[in-house]
Amino acid sequence: MSSCYLIQCSYIGFRFLRFKLSPWIVLAIAPFKLVFSSGVQRIHEEIRYLSALSKIDFVGVYGLLNDLLW
């Protein structure tokens, strides 16, 4: 295996991980930004927060929690 192949695979893996975790990261950061912003920036953060909330598959999350509890 060449090092170029490993770098390319790790880059693709990082992009996939970032794609899957981006709504959760926004949900963690946006409330802090909402506290310290005002005006148009506050509206932008609210929209960002709500759009990230709509991207999460809560049926899958509830299924995972159900499997963990029972």
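No hydrogens, no waters, no symmetry mates; every other heavy atom, side chains included, goes into these values.
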Asker: Throw together a table of side-chain donor-acceptor distances under 3.5 angstrom for residues 46-54, partners on residues two or more places apart or in other chains.
Answerer:
unit_1	atom_1	unit_2	atom_2	d
Ser51	OG	Ile47	O	3.2
Ser51	OG	Arg48	O	3.0
Ser54	OG	Ser51	O	2.7

Asker: With sequence neighbours excluded, tell me which residues meet side chain to side chain donor-acceptor pair (under 3.5 Å) with Asn66.
Answerer: Trp70
Asker: Apart from Leu68 itself, which Ile, Leu, Val, Met, Phe, Trp or Tyr residues share its cluster (side-chain heavy atoms under 4.5 Å, direct or through members)?
Answerer: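 Besides Leu68, the hydrophobic cluster comprises Leu64, listed by chain and residue number.
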Asker: Report all side-chain donor-acceptor pairs from residues 24-45 shorter than 3.5 Å, counting only partners two or more places apart or in another chain.
Answerer:
unit_1	atom_1	unit_2	atom_2	d
Ser37	OG	Lys33	O	2.9
Gln41	NE2	Glu45	OE2	3.2
Arg42	NH1	Leu34	O	2.4

